[in-house]
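Not measured: the values here are computed from a predicted model. Here is how names work: the chains are called A, B, and so on, in the same order as the sequence lines, proteins then strands, and each is numbered from 1.
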Number of protein chains: 2
Amino acid sequence: MAVFYAVEQGINLQKDGERLVVKKEGRVLKTIHFHNLEQVILMGRICISPAVIATLLKRRIDTVFLTKTGKYLGRLASLIGKNIELRLTQFERIKDPQFRLTITKAIVKGKIENQQMLLRRINRKGLGLEDVILKLRGMAKRVEKEDDIEVLRGIEGIASRLYFSAYAAGFGKGIEFKGRERRPPKDPVNSLLSLGYTFLFSNVFSIINMVGLDPYLGCYHTVDYGRPSLALDLMEEWRPVIVDALVLSVFNLKVLNEEDFTESEDGLFLSQDALRKFIVQFERKMGERVTHPFRETKIRYRSYIEAQVRSFVHVLRDEDTYKAAVFR
Amino acid sequence: MAVFYAVEQGINLQKDGERLVVKKEGRVLKTIHFHNLEQVILMGRICISPAVIATLLKRRIDTVFLTKTGKYLGRLASLIGKNIELRLTQFERIKDPQFRLTITKAIVKGKIENQQMLLRRINRKGLGLEDVILKLRGMAKRVEKEDDIEVLRGIEGIASRLYFSAYAAGFGKGIEFKGRERRPPKDPVNSLLSLGYTFLFSNVFSIINMVGLDPYLGCYHTVDYGRPSLALDLMEEWRPVIVDALVLSVFNLKVLNEEDFTESEDGLFLSQDALRKFIVQFERKMGERVTHPFRETKIRYRSYIEAQVRSFVHVLRDEDTYKAAVFR
């Protein structure tokens, strides 16, 4: 199963039998069997034929529309969200403050532990990050004992600032990163982090929709008009593992550098060719096999994320407790 | 505000400044300001440019994809469904069997009363339907006293069969209708009823989404995987008023006749030109002004349907009781 990112401006997506055909000025650039498609991400000016739209809807292939720079516009909604029984369970369980607290603790602890993991890897070069790593370990332990969601939010915020200041040390010369800034991203690192989180979010959101949960009702992120809090909750543990690690290697392995970015009034963004390179790296990452900590098998990150969302369904049904995916 | 139905196969929808431009083979057929668009319904092979998709999403204009024969495929989901607070209220209230019962009684009673109204109109020709009308009145009264949802479902079923058998008498010579048959529609009347209900449903579903309710969680229709029960609930009272009345007049005024239908393996469907005629009639109906029974103002059916969905929101918040829109 594959994700198809359409990034080249002005290309046409057509249908030929059971295949998606990508054309530019009449020339075929690529064909993909619909059968193998899991998700389609369209960035910017991508023409899509009515037959393709109908097929994507009929086959329930998640289709996301982003702007050229990766801002979320919307998606094709097929028969997604039909599992109302599951949403009834979700709404019932998430009302319980004890349930929300338990999930929050697992999510925040998992995220901090994965931040530690990444800093330990960065620190293999001997950058003197032991102190921060130790502090994060202490904070992860505090999370276990803390029973106030507001305090947990505070801990998570402090941990993140601490983490990003140490994360900055991981970049080679010439790459400046002074800490996480979201809107607009003003430096290459923040720009790639934002884009990577958009892709990751899109993935988690899509799986949540697919299983039939309401992405707007979560446990840790506050429930607020327009905030897809469940999707944000369930992506937390993956941020350091997938995106932060990827952005680090993309710069350090010189896959991308500062010249690949162009400035606009909305911030700093990747040029089209560089965007394509980043997507290749992102997909390579999502397809990487890692050891599943609870089972003893290898699993691709992409499947692992889906397995975590599905495990959350079991947790809602009281068949399991939530364990974040934690890496060493 | 307008609904744009794109039915001509092979046309192109493009964007020119703030306008939607409808083209065929380079020729401009129509332009509409996005500002005036409320909903876009695309039937079959309609090409839609990336700029149009982006604008529809940004402006949150509901966009529905149907097959050429009017089968629902899916829609563009923009930022719809963000009102999670409202859904929390919905899930909480609909859990209460007493609440579901009260709504069910209002809906079933309203529908039967509107069926009576239509039969009374048909009976102006003196067709001897007094008996059925009287029976329906009795059933509407029984609904008030009945406290078992299963029994209410039974009453509604019996009332509908009785109603459709009398409704058949309203058609002039040459139009045969032996009762409601859904899939596949085998005669012109059933075919138009199905199409009309699809348009009506699409309207109600879209308003429900727009206000942020979960269309899958209703009161009267059973909650089941894939059944948009709230949308089905809230369209009940409108079926006789909008669709059944329209289908009757479309045949009796000879706007359409049997030759406008073509048979396929999936049933009997309108040809393209006839489809366009039917849509004009449907939209004319939706734009008709009627007296609002509770207020003393005239209101278009389209706005009235929206007002009813919004009144359901007030009912959920316990600020009102649900009153079906009943016509005399």
Side-chain angles (χ1 to χ4, degrees), chain A residues 6 9-13 42-58 60 63-68 71-92 94-95 209 212 214-218 222-230, chain B residues 6 9-13 42-58 60 63-68 71-92 94-95 209 212 214-218 222-230:
Chain A
Q9 301 303 291
I11 55 172
N12 287 290
L13 310 189
L42 306 162
M43 300 182 73
R45 198 162 48 80
I46 312 298
C47 300
I48 176 167
S49 82
V52 171
I53 292 178
T55 309
L56 292 170
L57 285 169
K58 278 185 200 156
R60 303 188 195 187
T63 304
V64 186
F65 298 95
L66 304 178
T67 65
K68 212 168 66 177
K71 226 179 96 185
Y72 182 78
L73 281 172
R75 62 207 315 126
L76 281 180
S78 52
L79 301 165
I80 270 166
K82 294 182 114 183
N83 198 341
I84 179 66
E85 287 295 350
L86 178 58
R87 287 204 289 293
L88 281 164
T89 309
Q90 178 189 5
F91 277 69
E92 196 51 41
I94 289 184
K95 268 196 333 196
N209 249 330
D214 189 322
Y216 292 91
L217 183 62
T222 49
V223 167
D224 201 357
Y225 185 87
R227 180 177 297 143
S229 64
L230 184 61
Chain B
Q9 301 304 292
I11 54 171
N12 288 288
L13 310 188
L42 306 162
M43 298 183 73
R45 199 162 47 79
I46 312 298
C47 301
I48 176 167
S49 82
V52 171
I53 293 178
T55 309
L56 293 170
L57 286 168
K58 277 184 201 155
R60 303 189 196 185
T63 305
V64 185
F65 298 96
L66 304 179
T67 64
K68 212 168 64 175
K71 228 180 94 186
Y72 182 79
L73 281 171
R75 62 207 316 126
L76 281 179
S78 52
L79 300 164
I80 270 167
K82 293 182 116 182
N83 199 341
I84 180 67
E85 287 296 348
L86 178 57
R87 287 203 291 292
L88 281 164
T89 309
Q90 178 189 5
F91 276 69
E92 196 53 38
I94 289 184
K95 268 196 332 195
N209 248 330
D214 189 321
Y216 292 91
L217 183 62
T222 49
V223 167
D224 200 358
Y225 185 87
R227 180 178 297 144
S229 64
L230 184 60

Side chain to side chain contact (heavy atoms under 4.5 Å, CB included) between B:Leu73 and A:Lys58, worked out:
CA-CA 7 Å; B:Leu73 281 171; A:Lys58 278 185 200 156; 3.6 Å; yes
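Using a 4.5 Å cut-off between heavy atoms, B:Ile53 touches chain A through its side chain atoms alone. Using a 4.5 Å cut-off between heavy atoms, B:Ala51 makes no contact with chain A at all.
By the side-chain contact (heavy atoms from CB on, under 4.5 Å) test, A:Lys68 is found to be paired with A:Gln9, residues two or more places apart in sequence or in another chain being considered.
With contacts defined as side-chain heavy-atom distances shorter than 4.5 Å, the pair A:Phe91/B:Ile84 qualifies.
For the atom pair CZ (A:Arg87) and CZ (B:Arg87), the distance works out to 8.5 Å, reported to the nearest 0.5 Å. How far CG of B:Asn12 is from SG of A:Cys47: 10.0 Å, rounded to the nearest 0.5 Å.
Looking at every heavy atom in both residues, A:Ile46 comes nearest to B:Pro50 through O-CG, 3.1 Å. The two residues B:Leu57 and A:Arg75 come nearest to each other via the heavy atoms CD2-N, 4.5 Å.
Taking A:Leu88, A:Thr63, A:Leu86 one by one and counting their heavy-atom pairs under 4.5 Å with chain B, the maximum is reached by A:Leu88.
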